Amino acid sequence: MLDGDGALPAGGLAVLVDSALGNAIMTNLPSQWGLVTSHLHLELLRPVPGGAGELTCVAEQCSLDDSFGLADGDVRLEDGTVLAKATIGSVVLDAATRSDRAPVKAPPATSATIATPTRSHPQAHRLTAGEPVLEGLGLTVLRAGRTGVRAAIPASPRLANSSGGLHGGFGVLMGERTLDLALRAALDREQRMRPVELRASFLRPIIANGSPIECHAAVLHLGRRLAAARGEVRDHRGRPAVLVDATYLTY
């Protein structure tokens, strides 16, 4: 899950954080209850180098009632160095509410619904060259310019949560990688960047059955020292499902 520089993308940390902090809230809930993540926030203190070894998320529940829970934590290297500060909020589903919610399921995707390269939208693109994480996600750039990027990614079953929906952390990773593409399309080649803050809001589940979903990202600000971008991961019906905002240092 490395980027072209051999570092772990900021969105990759969201996969670890969503699981660890969600479990911190779940530990004090009755076993038949459940959670739905409402938002995730990362403050990125430093880049995650490739070959950094095992990452650990130390999570702690901050508050919990019968409707909402909050947890925070640190993402650390093996030597204890803190890479990021994290917070998530989760809506609590009691036993009755959870039983009313049907699992996110759908019939397997057919060959007609799985994203495939076409002449008008070729899979190869200069922005995705040498990016292992994009190859692993199967991302296809549909449109790219200085103001934004539109991309398609299969919602693979291997990225599903226990309910059959796209895991929230992977939804953040998809959105964050599209933001990264939008900023790189807008930056001069000599400029570099790194994210320092990432926030995601989860609006609705996405069925993880292999059919394609779209990610849209727009550059909101591009200054000499700071940049900002906003994106949407949309479900199969084109509705916003995960909103992702990020702030970057440029240098």
Side-chain angles (χ1 to χ4, degrees), residues 1-18 39-50 52 75 83-86 121-153 168-203 212-234 240-251:
M1 195 183 290
L2 302 181
D3 64 19
D5 295 326
L8 180 70
L13 295 180
V15 179
L16 172 63
V17 165
D18 187 51
H39 67 274
L40 182 152
H41 187 211
L42 280 170
E43 298 281 358
L44 302 149
L45 308 184
R46 51 184 53 85
V48 186
V75 179
L83 297 175
K85 300 282 188 179
H121 298 309
Q123 187 170 13
H125 193 280
R126 64 176 181 84
L127 291 174
T128 63
E131 293 283 337
V133 65
L134 299 182
E135 295 175 5
L137 290 173
L139 182 145
T140 302
V141 174
L142 303 178
R143 181 185 59 80
R146 290 187 63 84
T147 58
V149 164
R150 183 165 66 96
I153 303 176
F170 283 106
V172 177
L173 175 62
M174 292 175 176
E176 182 267 335
R177 286 294 85 193
T178 311
L179 297 186
D180 179 86
L181 292 176
L183 264 295
R184 287 199 278 124
L187 285 170
D188 294 332
R189 291 185 180 274
E190 294 77 16
Q191 286 182 284
R192 296 177 62 82
M193 65 177 181
R194 73 174 182 90
V196 292
E197 187 261 352
L198 180 67
R199 179 181 172 86
S201 298
F202 300 90
L203 307 184
I213 57 176
E214 286 197 4
C215 302
H216 295 230
V219 178
L220 303 181
H221 172 74
L222 187 57
R224 290 189 298 174
R225 297 303 304 273
L226 284 175
R230 174 171 295 169
E232 296 179 0
V233 180
R234 301 182 179 181
V242 185
L243 306 181
V244 184
D245 293 273
T247 305
Y248 299 78
L249 286 180
T250 58
Y251 52 97

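Each residue takes its place number in the sequence, starting with 1. In this text the structure is predicted, and so the values were computed from the model without any measurement.
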Q. Which atom names give the shortest non-hydrogen contact between A227 and L222, and what distance separates them?
A. CB-CD1, 3.8 Å

Distance-only donor-acceptor hits, side chain of residues 169-187, under 3.5 Å, sequence neighbours excluded:
unit_1: E176; atom_1: OE1; unit_2: G11; atom_2: N; d: 3.1
unit_1: T178; atom_1: OG1; unit_2: M174; atom_2: O; d: 2.8
unit_1: D180; atom_1: OD2; unit_2: R184; atom_2: NE; d: 2.8
unit_1: D180; atom_1: OD2; unit_2: R184; atom_2: NH2; d: 3.2
unit_1: R184; atom_1: NH1; unit_2: L127; atom_2: O; d: 3.1
unit_1: R184; atom_1: NH2; unit_2: L127; atom_2: O; d: 3.2

Q: Quick one: list whatever passes side-chain contact (heavy atoms from CB on, under 4.5 Å) with R230, sequence neighbours left out.
A: L220, D245

(Q) If the condition is side-chain contact (heavy atoms from CB on, under 4.5 Å), which residues does E43 pass it with, not counting sequence neighbours? (A) H41, K85, E197

(Q) Looking at every non-hydrogen atom in both residues, tell me the closest pair between P47 and L83 and how far apart they are. (A) O-CD2, 4.0 Å

**Q.** For P240, all residues meeting side-chain contact (heavy atoms from CB on, under 4.5 Å), sequence neighbours excluded
**A.** L203, R204, E232, L243

(Q) By the definition side chain to side chain contact (heavy atoms under 4.5 Å, CB included), identify the one residue from L142, T140, I153 that meets it with E214. (A) L142

Q) Can you list every pair that meets salt bridge (Lys or Arg N to Asp or Glu O under 4.0 Å) and has a residue in residues 216-227, with sequence neighbours left out? A) none

**Q.** Smallest separation among heavy atoms of Y248 and A229, with atom names
**A.** CE1-CB, 4.4 Å

**Q.** Shortest non-hydrogen separation from R234 to I213 and the atoms involved
**A.** O-CB, 3.2 Å

Q) If you look at every heavy atom in P9 and V133, which pair is closest and at what distance? A) CG-CG1, 4.1 Å

Q) Pairs in or reaching into residues 171-203: which pass ring pair (Phe, Tyr, Trp, His ring centres under 6.0 Å), with residues at least two apart or in two chains? A) none

Q: Give, for atom CG of L42 and atom CZ of R199, the distance between the pair rounded to the nearest 0.5 Å.
A: 11.0 Å

Q: Check whether more than 12 heavy atoms from other residues, nucleotides or ligands sit under 6.0 Å from atom CZ of R194, and answer yes or no.
A: yes

(Q) Taking E135's backbone N and O only, do any of them form a donor-acceptor pair with T128's side chain (distance below 3.5 Å, no angle check)? (A) no

